[in-house]
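FYI, the numbering just counts along the sequence from 1.
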Amino acid sequence: MFRCLKCGHEYKDSTTHCTKCGNLLYDQRNDTIGYEKPKLSIDRKFVLKLTLLSVSILFILGIFSLISSCIDNSLPDSKSIDEMTNKEFNQFMEWKKEQKQKEYNNSPINK
């Protein structure tokens with residue numbers, strides 16, 4: 001679709017005169033410029049939405065990354081009890097006792 005330079009009305013390529021104002025649009029014999037091709041228009045709302053979506057996704061990924069780096073990784077390696085050596089088993093049981101003691105100390109009954 002093209003636009004008339006005089007009134008801005010859109011028309012098809014095969015039209016020679018503007019249907020709104022009668023302006024000569026295109027003369028194939030001498031290639032008269034009486035029209036302008038429409039410029040590629042990027043919808044600003046679409047660009048804004050796309051930018052906001054990208055920033056939001058990056059923000060959420062950053063938060064998840066921060067949370068995962070702050071999580072206490074003091075849990076013992078996950079092995080089955082059969083695969084543990086005596087030392088590993090004893091360490092696991094000590095850790096388990098500490099966790100139960102923390103739960104007991106933080107329970108509302110003891111406060």
Requested in this report: Assess the side chains of Gln101 and Asn105: does a donor N or O sit below 3.5 Å from an acceptor N or O?
Outcome: yes
Report summary line: dist Leu53:CG -> Leu58:CG (nearest 0.5 Å) comes out at 9.5 Å
**Report entry** Nearest-0.5 Å distance that lies between atom OG in Ser56 and atom CG in Leu52
**Finding:** 6.0 Å
Report task. Salt-bridge test for Glu103 and Lys100: reply yes if a basic N is under 4.0 Å from a carboxylate O, no otherwise. Result -> no
Requested in this report: Would you mind reporting whether Phe89 and Met93 have side-chain heavy atoms less than 4.5 Å apart?
Outcome: yes
**Report entry** Exam field: side chain Thr51 to backbone Val47, donor-acceptor pair closer than 3.5 Å
**Finding:** yes
